[in-house]
J.: 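A single structure is presented below for examination.
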Amino acid sequence: MNYFDGIIDVYDGNSLDLDVARAIGVKAIFHQTTRGLYKKDVAYAERKKRALEQGFLWGAYHLLSAEDVDEQVDYFLSVEDGSDPRIAMAIDWEKSKKGLMSLDDVRRFVRRFNEKLKARNRDIYPILYAGHILREQPDIVAGDPLLALCPLWYAQYTNGQLKFPTNTWSDFTLWQFDDEDRKYGAPPPNVLPGADFNSFRGTADQLAAAWPLERPYVSANASALAALSAATAEPAAAKA
């Protein structure tokens, strides 16, 4: 089974040396645009410009909060409006400074995002980044037809089997396997300090062909993966 590990995600609190990134094989970069309604990332625009000029694949992500959903969609799109088909678009579902967005509001965000992007000629759903929270939502464990339209970017730091809700996603698109502590196989913490490292279930060429990841990616091993993940599922309260 092929995994390509040359995907990082960063924000303006991290340094980003594109020469180092290229030297260690990074091909794709996700960068924060906004957090809730309370912060725009000051490094986003300049880093995006330089990275695209140097041939990196580029993605934008918004950190969800418990603030107004419709306003957050607009806030995200005020920085990265979704009109550029080179740019992958993602949302980060975890606790923020302004609280944790509810599942119902995540669904509302996803619907509103899709409606807005249709007006920009992109009928897409955002990539959904999350970890243990997915396993703690009974509706997602049972199967959520709306969120199933979102490519899954799953966070779980482990050397064992990934455990994600296979009734919603038969396969993950991206897997965040290591954070700034670098305990699970990414380069040492002094290499691109602060960056999180991610895998794509496929080769670098397959990633480039699938970019900007507008549909859930399904590998040739999806059926076997789903069966194994379901068989080894953790209790709902387990943490990533």
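This chain uses plain numbering: 1 for the first residue, then up along the sequence. All values below were derived from every heavy atom in this structure, side-chain atoms included, with hydrogens, water molecules and symmetry-related copies excluded.
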J.: When you group the ILVMFWY residues by side-chain heavy-atom contacts below 4.5 Å and let the links chain together, are Ile124 and Trp169 in the same group?
T.: yes

J.: Is there a donor-acceptor pair closer than 3.5 Å between any side-chain N or O of Thr173 and the backbone N or O of Tyr217?
T.: yes

J.: For Phe164 and Tyr154, what are the C-alpha separation, side-chain angles and deciding distance, and is it a ring-ring contact (aromatic ring centres under 6.0 Å, His included)?
T.: CA-CA 8 Å; Phe164 59 88; Tyr154 190 60; 5.8 Å; yes

J.: Please name all residues satisfying side chain to side chain donor-acceptor pair (under 3.5 Å) with Asp104, sequence neighbours left out, ordered by chain then number.
T.: Arg107

J.: If you measure from the Lys or Arg side-chain nitrogens to the Asp or Glu carboxylate oxygens, is any gap between Lys183 and Asp178 under 4.0 Å?
T.: no

J.: Taking side chain to side chain contact (heavy atoms under 4.5 Å, CB included) as the criterion, tell me which of Leu128, Val73, Asp70 meets it with Phe109.
T.: Val73

J.: Apply side-chain hydrogen bond (donor to acceptor under 3.5 Å, both in side chains) to the pair Glu67 and Tyr38, showing each step before the final yes or no.
T.: CA-CA 9 Å; Glu67 299 166 287; Tyr38 61 91; over 6 Å; no

J.: Please confirm whether the backbone N or O of Arg112 pairs with a side-chain atom of Glu115, one donor and one acceptor, at under 3.5 Å?
T.: no

J.: Please determine whether residues Leu63 and Leu37 belong to a single hydrophobic cluster, defined as Ile, Leu, Val, Met, Phe, Trp and Tyr linked transitively by side-chain heavy-atom distances below 4.5 Å.
T.: no

J.: Heavy atoms only: give me the nearest Ile24-Val191 pair and the separation to one decimal.
T.: CD1-CG1, 3.9 Å

J.: Are the side chains of Pro188 and Arg182 in touch, meaning some heavy atoms are under 4.5 Å apart?
T.: no

J.: Side chains of Tyr3 and Arg201: do they bring a donor and an acceptor to under 3.5 Å?
T.: yes

J.: Before giving the answer on side-chain contact (heavy atoms from CB on, under 4.5 Å), spell out for Ile140 and Ile133 the whole-Å C-alpha distance, their side-chain angles and the decisive distance to 0.1 Å.
T.: CA-CA 10 Å; Ile140 295 178; Ile133 189 173; over 6 Å; no

J.: If you compare all heavy atoms of Ala88 against all heavy atoms of Ile127, which two are closest, and at what distance to 0.1 Å?
T.: CB-CD1, 4.0 Å

J.: For Arg135 and Gln156: C-alpha separation, side-chain torsions, deciding distance, then whether side-chain contact (heavy atoms from CB on, under 4.5 Å) applies.
T.: CA-CA 11 Å; Arg135 304 196 308 271; Gln156 185 181 2; 4.3 Å; yes

J.: Does Trp175 belong to the same Ile/Leu/Val/Met/Phe/Trp/Tyr cluster as Ile91, with side-chain heavy atoms less than 4.5 Å apart forming each link?
T.: yes

J.: Would you say the side-chain atoms of Thr33 and His62 include a donor-acceptor pair closer than 3.5 Å?
T.: no

J.: Between Val106 and Gln137, is any pair of side-chain heavy atoms under 4.5 Å apart?
T.: no

J.: Of all the heavy-atom pairs spanning Asp123 and Arg215, show the shortest one and how long it is.
T.: O-NH2, 2.8 Å

J.: Between Ser78 and Lys40, does the side-chain contact (heavy atoms from CB on, under 4.5 Å) criterion hold? Intermediate values first, please.
T.: CA-CA 10 Å; Ser78 74; Lys40 288 188 179 181; 3.4 Å; yes

J.: Among His31, Gln32, Lys39, which residue meets the side chain to side chain donor-acceptor pair (under 3.5 Å) test with Asp12?
T.: Lys39

J.: Would you call Glu53 and Arg50 a salt bridge, using N to O less than 4.0 angstrom?
T.: no

J.: Which pairs, with at least one residue in residues 80-97 and sequence neighbours excluded, count as a side chain to side chain donor-acceptor pair (under 3.5 Å)?
T.: Tyr44-Glu80, Lys48-Glu80, Asp81-Ser83, Asp84-Arg86

J.: Taking all non-hydrogen atoms of both residues into account, name the closest pair between Pro126 and Cys150 and its distance.
T.: O-CB, 3.1 Å

J.: Do Asn198 and Asp5 get their side chains close enough for a donor-acceptor pair, meaning under 3.5 Å?
T.: no

J.: Where do Val141 and Pro165 come nearest, in terms of heavy atoms and distance?
T.: CA-CB, 4.1 Å

J.: CG/Leu146 to CG/Asp139 distance, rounded to the nearest 0.5 angstrom?
T.: 12.0 Å

J.: Enter the distance from Leu152:CG to Leu213:CG here, rounded to the nearest 0.5 Å.
T.: 11.5 Å

J.: Could you tell me if the side chain of Lys116 sits less than 4.5 Å from the side chain of Asp74, heavy atoms only?
T.: yes

J.: May I have the step-by-step check of side-chain contact (heavy atoms from CB on, under 4.5 Å) for Leu16 and Ile8, ending in yes or no?
T.: CA-CA 10 Å; Leu16 178 60; Ile8 61 171; 3.9 Å; yes

J.: Going from CZ on Arg22 to CG on Asp19, what distance comes out if it is rounded to the nearest 0.5 angstrom?
T.: 6.0 Å

J.: Say whether Glu214 and Tyr125, considering side chains only, have a donor N or O and an acceptor N or O under 3.5 Å apart.
T.: no

J.: Please report the interatomic distance CG(Asn14) to CG(Asp196), rounded to the nearest 0.5 Å.
T.: 7.5 Å

J.: Quick check on the hydrophobic clustering: are Val79 and Val42 connected, directly or via other members, by side-chain heavy-atom contacts under 4.5 Å?
T.: no

J.: I'd like to know if Asp41 pairs up with Arg35 as an ion pair, taking the criterion as any Lys NZ or Arg NE/NH1/NH2 lying under 4.0 Å from an Asp or Glu carboxylate oxygen.
T.: no

J.: Taking all non-hydrogen atoms of both residues, which atom of Leu18 and which atom of Phe56 are closest, and how far apart?
T.: O-CZ, 3.6 Å

J.: Measure the acute angle between the ring planes of Phe113 and Phe76, then classify it against the limits of 30° and 60° as parallel, tilted or perpendicular.
T.: parallel

J.: Going only through I, L, V, M, F, W and Y residues with side-chain contacts under 4.5 Å, is there a path from Ile7 to Tyr129?
T.: yes

J.: When rounded to the nearest 0.5 angstrom, what is the spacing between CZ in Phe4 and NZ in Lys27?
T.: 6.0 Å

J.: Could you go through the ring-ring contact (aromatic ring centres under 6.0 Å, His included) check for Trp153 and Phe177 one step at a time?
T.: CA-CA 10 Å; Trp153 180 2; Phe177 66 89; over 10 Å; no

J.: State whether the side chain of Arg122 and the backbone N or O of Asn114 hold a donor-acceptor pair below 3.5 Å, judged by distance alone.
T.: no

J.: Give, for atom NZ of Lys163 and atom CD of Gln161, the distance between the pair rounded to the nearest 0.5 Å.
T.: 6.5 Å

J.: Would you indicate whether the side-chain heavy atoms of Leu192 and Val10 approach each other to under 4.5 Å?
T.: no

